[in-house]
Amino acid sequence: MTDSQSVLLSVKDLKRHFDVGKGKTLKAVDGLSFDIYKGETFGLVGESGCGKSTAGRTILGLYNKTDGEVVFEGQNVHDMNDKERQQFLKKMQMVFQDPYASLNPRSTVYEIIAEPMEIHNMYKSKKELRARVNELLEDVGLNRDHANRYPHEFSGGQRQRIGIARALALDPEFIIADEPISALDVSVQAQVVMLFQRLQREKGLTYLFIAHDLSMVKYLSDRIGVMYLGHLVELTTSDQLYGKPLHPYTEALLSAIPIPDPDIEESRKRILLEGELPSPIDPPSGCVFRTRCPYAMDVCATHKPQWLEKDEGHFVACHLHDESLMKEVNEQAKQLQV
Amino acid sequence: MDVIGQQLANASSLENAPAIKEHQPGSGIATEENRKQKKTISQEIMLSVRDLEVSFKTFGGEVQAIRGVSFDLYKGETLAVVGESGCGKSVTANTIMGLIPQPPGRIRNGEVLFKNRDLTKLNKKALREIQGVDISMIFQDPMTALNPTLKIGEQLMEGLRTHHKVSRGEAKRKAVEMLNLVGISNPEERLKQYPHQFSGGMRQRIVIAIALICEPELLIADEPTTALDVTIQAQILELFDEIQRKTGVGIILITHDLGVVAKIADRIAVMYAGKIIEIGNKREIFYDPQHPYTQGLLNSVPRLDLQEEELKPIEGTPPDLFAPPEGCPFAARCPFAMEVCERVYPATTQLTTQHTVDCWLQDPRAQSVIN
C-alpha cells in the first residue's frame, strides 16, 4: 500500500501552545516530527490530553502553529494566502469525531455534501451537482433517497458516512480523521472502518487516523506514532509496534488494552502505570514520561531524550535505547561499584 | 552517591531484559495473600430477574426498551451484560436499582427478586432502605456523578450516616478505610478536598468508595471505565477484582467492551433489542458462541494480538424498538436467517447448565440450513 518514494506530508518540529492566562502556557503539541507517505495510513495514538487532536487540527491549519512547519506537497500549510489556502483545502479534508455535532441539523444531506463543491464552483449546472452528490452517497454506502433528509433521521454510523461523503466531495488526496469511530457502536465501527479501507483502495487516499483505540489503529494503519504529553515517544510500522515496542509507555499502553479472549487475558502480564497524566501546563523536566515510568533514571529528569532511529524506520525517544548514553551510565555505575 | 550508582546500575541491567516491575495497588489490600486468594462463587442465587418488561412513553409512541429479560446472579460473581447502545442493558440496571422514573417509564411485567422481596413492587421508602445499602450503583461518568459543591468526605459519609445512623467519628474512620481500599493515598487530607481537585481516574475511585461504603451485597456498574483512558481503566479493573476477592460483592457489569469482559467477567449475558439472546459462562461465550449476533460481535472487533486480514462487520442496524419485530429481532441482519426467524421468536435452548441461547438454528429442523 505504501509508496515509500514520495512524502506527501512532512511535519517538522511542530509546536502548538495555548495561552491559559496568568502567564502560563499549555504545551499541547511540543515538537512533533514525522512524514506521511503517499497512499499510506498513518495512525496517531495516545490517551486523552496527549495532544493528538491538536496535532491534527494544526496540520490542517485549523489552528495556527506556534513553531515548526507543516509541508504538504512542497507547500508550507501555515504560510499561504487565502487563495492558496482554498486550493489547499481541496486536497486535504477532515472527518470529525462526533457525527451528532459535526453536521448542521438544519441542512439536508444534499446541502451538507454539496456545500463544499458550491464554494469551489466545481459544477456549472445543478444537475451535475446533484449527480455528483448521488454518486458520493453511493460511494459511502447510502443511497440517493437519503439526500433530502435531515441529519436527525440517521443513526450514528449513517451520520458518520455523511461526514465522510462531505470530506470526499472535493476529491481530496489526504484525509485527517479525528476519532471517526469512537462515538459509534462496536458493530458499526467495523462497518465504517471497512468503508475507510475501501475508499482508500478505490481513490488512492492517504489518511492521518487519530484515535485512542489502539486495536483499531493497529488494524487500519501502516505506521503508527504514539504520543504522550505533546511529544511523539515512538514511531514505527504497526506490526513492529505491537511485536517489538521499545518505549516503556508504548509497552504499558499495549499491555493495558484488554484483549477479547479470556485465556490470553488470564495469562497476560500487565504493566500497570502508576498515577495519571501530568499537566501539560507544567510538564516534567527531561523526559515527559519519567514520572510514571517504571525504569526512570536520574538522567531522565535532566536530559530530554533524543529522537533515535533504532531500527530502520523505528524511532523512539527514550534514554534506555540511547546506546552511547547507556554506555556512559554503565561505566559510571561500574566506577561507583569499585 | 551510592543511591544514584545503584539506580544507574539497575537501569542498565534493564536495558537488555526489561523486567516488569510488580504493581503495588491500593495500600490497604494489595498484600500477596489477597492476590493469590481464589475467587469464590457460591451456588446461592442472590438476585433473580424474571420476565422483566419495561417501556417508556414518548411523543413518538411507546419504546419497548426491555422485552422479557430473565437471569440470576450468584453470590460473589461478576455478570457482564454486553450489547450495543439501545439494547436495554442500562434500563435493566436501572430497573434493578429502582431508578426507572414512572411515568414515563412503566414496568409492564416481571419481577426483580432480591432477599425474598420483589423490588419492582416496593414503595419509595422501602426502596430507599435497599438503594445504596444492599445494592449500590456506579455510573459511567465520574465527572458528573459527584456533587461539585461538597467535600468528598461529606459525600462518602452521607450514605453511612443516613442509613446506619453512625457517629461522625465512626463514619470518618470508615471513610478513611474506604479511600485506602480504593488506593487513594493520604486519605485524611483527601477527605477535605472537593471533586475538582481530583483527576478522572481518582474520581472514579471515589465513586467506587462511595458505592461500597455501606458494604452492599450487589454492585451494579454501568460502563464504569468507558470515560477513562486505557491505562487508568486497567487500574480500575484491577481494583474491582481485588474488592470482589476481599468483600465477596456480586457485580453486574454493564459494558460494550468485550476486552473488559474477557478480563473480569465470570458469566456473560448478551443483549439485543431488549432481550437476552445468549447467556453463558465466559469460556462458553468467547469460545463457543452460538447466536449469530454473539459471533458477529466477536468478529467485528479487531484484536491487538492478531494479524487480521479483514474485519467482519455485522451489516445493518438494530431494529426500531417503537415497533419491534415479531420474530427474532436479529433476523434482518442475520446471515443465517430463515423464514421462521422473521415470524416467530425462537425458544430458549439450554446447551449446558449455564449456557442458553435464543435462536432457531438450535432447532433440529434447521440443521439442513446450516449445512
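Here is how names work: the chains are called A, B, and so on, in the same order as the sequence lines, proteins then strands, and each is numbered from 1.
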Contact class of A:Val193 relative to chain B, heavy atoms under 4.5 angstrom: side chain
Validation row: A:Ile259, A:Glu265 side chains within 4.5 angstrom (heavy atoms): yes
Among the listed options A:Ala252, A:Ser255, A:Ser215, the residue most often paired with chain B at heavy-atom distances under 4.5 Å: A:Ser215
Interface residue of largest heavy-atom contact number with chain A, from B:Asp305, B:Val230, B:Asn299, B:Asp257, under 4.5 Å: B:Asp305
Residues A:Lys334, A:Glu331: salt bridge by 4.0 Å N-O rule: no
Residue selection (most heavy-atom pairs with chain B, distance under 4.5 Å) from A:Val217, A:Leu214, A:Asp239: A:Asp239
SB check B:Asp222 B:Lys89 (cutoff 4.0 Å): no
Side chain to side chain, B:Phe330 and B:Ile277, heavy atoms closer than 4.5 Å: no
Region of A:Asp213 in contact with chain B, defined by heavy-atom distances below 4.5 Å: neither
Which atoms of B:Val261 approach chain A - backbone, side chain, both or neither, heavy atom under 4.5 Å: neither
Residues, nucleotides or ligands: over 12 heavy atoms within 6.0 Å of A:Gln306 CD: no
Side chain / backbone / both / neither for A:Gln189 at chain B, heavy atoms under 4.5 Å: neither
Return a table of donor-acceptor pairs under 3.5 angstrom between the side chains of residues 311-322 of chain B and protein atoms on other chains or two or more places apart.
unit_1	atom_1	unit_2	atom_2	d
B:Asp320	OD1	B:Phe322	N	3.1

Close side-chain approach of A:Arg268 to B:Lys263, heavy-atom, < 4.5 Å: no
Closest-packed option against chain B by number of heavy-atom pairs under 4.5 Å, given A:Gln158, A:Lys218, A:Gln191: A:Gln191
pair A:Lys244-A:Asp311: side-chain heavy atoms closer than 4.5 Å: yes
A:Met194 portion near chain B, given a 4.5 angstrom heavy-atom threshold: side chain
Donor-acceptor pair, side chain of A:Gln160 and main chain of A:Pro180, under 3.5 angstrom: yes
Close side-chain approach of B:Thr294 and B:Tyr272, heavy atoms under 4.5 Å: no
Among B:Leu258, B:Thr231, B:Leu298, residue most engaged with chain A (heavy-atom pairs, under 4.5 Å): B:Thr231
Residue B:Gln233 versus chain A: region with a heavy atom under 4.5 Å: side chain
Residue B:Ile264 versus chain A: region with a heavy atom under 4.5 Å: neither
Interface moiety of A:Glu266 toward chain B, non-hydrogen atoms closer than 4.5 Å: side chain
Heavy-atom contact with chain B under 4.5 Å, split by part of A:Ser155: side chain
Residue, of B:Arg283, B:Arg303, B:Arg333, that accumulates the most heavy atom pairs under 4.5 Å with chain A: B:Arg303
